[in-house]
Amino acid sequence: MNRHGAIDTGPSTSPLPSTTGTRPTGRAHRPGDRAVLSDADITTLVTERPIGHSLAAPFYTSPEIFELDMEEIFSKHWLFVATEAEIPDPGDYVTVDVGRHSVILVRDDDEQVRAHRNVCRHRGARLLDNPCGSVGNIVCPYHQWTYRPEGDLVYAESQPADFDRSAFGLRPVNVRSVGGLLFVCFSDTPPDDFDEVAAILEPYLAPFDLRSTAVAHRTDLEEKGNWKLVMENNRECYHCDGSHPELATAYFTVSRYSEDQVPPRNWEQYERYLAAASDLVARKGDIDFPTTDVSELDTRPTGFQVAHVPLDGAGASIAADGKQVSRRLLGKVPTPTFGDLSIHVQPNTWVHVLSDHAVVFSVLPVAADRSIVRTTWLVHPEAVAGADYDVEALTEVWRATNDEDRELVELTQRGVADPGYVPGPYSLVEAEVEAFVNWYVQRLGHALSARTTAGGTTPAPVATGAALAEGGAEA
């Protein structure tokens with residue numbers, strides 16, 4: 001363990017194979033070759049996707065669609081990649097790989113968070129190869145070109161007299177902190193609705209003061225499944241009763257159900273949930289906490305959702321039987337029984353903030369059939385491991401739940417790759433899965449239409465279940 005917290009990196013993300021040129025525009029014809037999907041083929045899959053059904057198999061298995069996902073989703077939208085708690089002091093940094101992109105997030109001497117491409121401006125060497133650390137300056141290991149945390153080039157040996165160092169600073173990456181959660185966008189023209197989304201989310205996060213928390217633990221879990229399957233699995237609790245016994249001791253699995261959707265076997269739990277929800281409203285009033293949940297998952301470029309629900313058992317934390325697992329409460333939280341603030345931001349993150357700790361998740365795609373789920377646990381900055389909390393107890397439920405979800409995602413990946421797979425209908429309680437898939441199809445459809453228009457031909461119509469909000473950047 002170091003001052004960045006205990007980090008279990010697990011399997012490392014390997015870089016994606018390099019691709020050059022444009023996506024193939026036709027299908028392979030040699031005997032035994034896999035059919036190569038063109039943009040026109042993918043557009044047909046998008047337009048023919050039936051609303052309320054899972055995606056066709058190529059969306060989960062095709063290298064061409066995975067490449068398109070990386071180009072149009074992960075290269076052009078805001079991505080959650082880290083927390084301010086991971087870089088508390090000047091010079092502290094983390095590196096994050098997103099497909100072929102690598103980004104350095106570093107706190108500069110003025111304590112501002114900066115994001116830079118992890119590429120030397122000399123001959124392109126990777127600058128920082130460790131997942132985290134602390135530096136005075138960023139020094140290229142190849143020829144020792146040296147950069148300040150702000151990105152300025154300050155040293156480059158053996159250059160001509162007219163060499164202009166100011167023209168060779170590190171390439172910046174857009175970075176924004178939302179309540180201590182760090183988002184980056186690799187595009188020069190990121191979606192411009194992010195300011196509005198941040199303004200909505202900040203009041204929910206402010207009382208917990210995540211910017212001042214400390215990292216207690218982090219894990220990287222490799223899942224042999226497409227990134228969309230990871231996100232879809234997270235967007236529903238239809239599977240929770242049968243798959244997550246640890247989570248079910250603390251989490252009301254019916255919290256997102258309307259009364260007419262509750263199975264008879266869950267009715268007693270639903271009645272407990274209603275009573276706990278009523279109590280939570282009173283506690284939120286004690287600190288003027290926002291009382292309205294917001295769901296805009298598929299109506300804007302930066303789809304998001306925020307919800308605040310009570311917990312079962314002791315009602316204090318997502319831990320065994322809902323018990324409190326850290327003695328020090330976060331920020332201005334007045335009581336241990338302050339429920340679960342959950343936030344979801346498309347395309348790659350979900351967050352659970354409790355009275356005594358927070359757990360943040362990011363999905364990092366690696367290949368069409370492989371993803372990394374990064375999980376980070378945050379605690380009060382003065383909480384001491386072994387005295388105020390036990391790492392095993394703090395992480396027990398989500399470590400088990402993540403591994404159970406990994407098995408489900410991998411089973412599904414194997415299933416969708418089977419020739420017998422046909423997209424099936426979502427249930428009444430999988431509306432958030434449909435919203436995620438609908439957001440994804442909208443974004444992919446828009447990108448394909450823009451590509452076709454740029455090529456001088458008439459774009460094919462894109463079927464969507466909800467129109468994008470007007471005025472957002474179409475990235």
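Bear in mind the structure is a predicted one, so any value in this text is a computation, not a measurement.
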Trace of the ring pair (Phe, Tyr, Trp, His ring centres under 6.0 Å) decision for W78 with F194: CA-CA 8 Å; W78 288 99; F194 197 74; 4.5 Å; yes
Are the side chains of [X] and [Y] in touch, meaning some heavy atoms are under 4.5 Å apart?
X	Y	result
V360	F80	yes
I42	L68	yes
R107	Q112	no
L341	H352	no
I318	T401	no
R117	V103	no
I343	Q305	no
L408	S243	yes

- request: Answer yes or no: does atom CZ of R148 have more than 12 heavy-atom neighbours from other residues, nucleotides or ligands under 6.0 Å?
  value: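 No, because the 6.0 Å sphere around CZ of R148 holds 12 heavy atoms or fewer from other groups.
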- prompt: What do you reckon, is CG of D418 surrounded by more than 12 foreign heavy atoms closer than 6.0 Å?
  reply: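 For D418, atom CG is crowded (more than 12 foreign heavy atoms under 6.0 Å).
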Is the side chain of [X] donor-acceptor paired with the backbone N or O of [Y] at a distance under 3.5 Å, no angle test?
X	Y	value
N174	V184	no
D390	A393	yes
Q346	L297	yes
E430	S427	yes
N234	M231	no
E202	G179	yes
D356	S326	yes
S187	T189	yes
Q413	N226	yes

Side chains of [X] and [Y]: donor-acceptor distance under 3.5 Å anywhere?
X	Y	result
E223	S371	no
R171	H116	no
N118	H101	no
S38	D41	yes
E404	H244	yes
Y60	T412	no
H77	T302	no

Drop me the distance from [X]'s [atom1] to [Y]'s [atom2], to the nearest 0.5 angstrom.
X	Y	atom1	atom2	value
L79	L182	CG	CG	12.5 Å
I104	T95	CD1	OG1	7.5 Å
L45	I65	CG	CD1	5.5 Å
T61	L55	OG1	CG	11.0 Å
E67	L37	CD	CG	11.5 Å
E432	N438	CD	CG	13.5 Å

message: Could you walk me through whether R406 and V373 satisfy the side-chain contact (heavy atoms from CB on, under 4.5 Å) test, starting with their C-alpha distance in whole Å, then the side-chain angles of each, then the deciding distance to 0.1 Å, before giving a yes or no?
response: CA-CA 9 Å; R406 176 192 57 77; V373 174; over 6 Å; no
Identify the two heavy atoms, one from [X] and one from [Y], that lie closest to each other, and give their separation to 0.1 Å.
X	Y	result
Y426	E232	OH-OE1, 3.8 Å
S75	M70	OG-O, 2.6 Å
A358	L330	N-CD1, 4.2 Å
V106	P149	CG1-O, 3.5 Å
K228	F59	NZ-O, 2.8 Å
V94	C132	CG1-CB, 4.0 Å

- request: Tell me, with the steps shown, if Y440 and D298 meet side-chain hydrogen bond (donor to acceptor under 3.5 Å, both in side chains).
  value: CA-CA 8 Å; Y440 167 75; D298 59 352; over 6 Å; no
field: Aromatic ring pairing W145/Y147, orientation class (parallel under 30°, perpendicular over 60°, tilted between)
entry: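 Tilted: the ring planes of W145 and Y147 meet at 30° to 60°.
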- request: Start with the C-alpha distance between T375 and V359, add both sets of side-chain angles, then the distance that settles side-chain contact (heavy atoms from CB on, under 4.5 Å), and finish with yes or no.
  value: CA-CA 7 Å; T375 308; V359 194; 3.5 Å; yes
- request: Identify the residue among W398, Y389, W377 that makes a ring-ring contact (aromatic ring centres under 6.0 Å, His included) with H217.
  value: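 Single ring-ring contact (aromatic ring centres under 6.0 Å, His included) partner of H217 among W398, Y389, W377: W377.
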task: Dump the intermediate steps for side-chain contact (heavy atoms from CB on, under 4.5 Å) on Y93 and L105, then the final yes or no.
output: CA-CA 5 Å; Y93 73 86; L105 294 108; over 6 Å; no
- request: Determine, step by step, whether F74 and W227 satisfy the ring pair (Phe, Tyr, Trp, His ring centres under 6.0 Å) criterion, reporting the C-alpha distance in whole Å, the side-chain angles of both residues, the deciding distance to 0.1 Å, and the verdict.
  value: CA-CA 11 Å; F74 283 86; W227 70 273; 4.8 Å; yes
Ring centroid separation F361 to W350 under 6.0 Å: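 Yes.
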field: Ionic contact status for E434 with R49, cut-off 4.0 Å
entry: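 A salt bridge links R49 with E434.
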task: Go through E86 and R218 one step at a time and tell me if the side-chain contact (heavy atoms from CB on, under 4.5 Å) criterion holds.
output: CA-CA 10 Å; E86 295 171 70; R218 193 185 84 185; 3.7 Å; yes
N137 vs T146, side-chain hydrogen bond (donor to acceptor under 3.5 Å, both in side chains): CA-CA, chis, key distance, verdict: CA-CA 7 Å; N137 289 313; T146 302; over 6 Å; no
message: Test side-chain hydrogen bond (donor to acceptor under 3.5 Å, both in side chains) on N348 and S362; report intermediate values, then the result.
response: CA-CA 6 Å; N348 80 318; S362 59; 5.0 Å; no
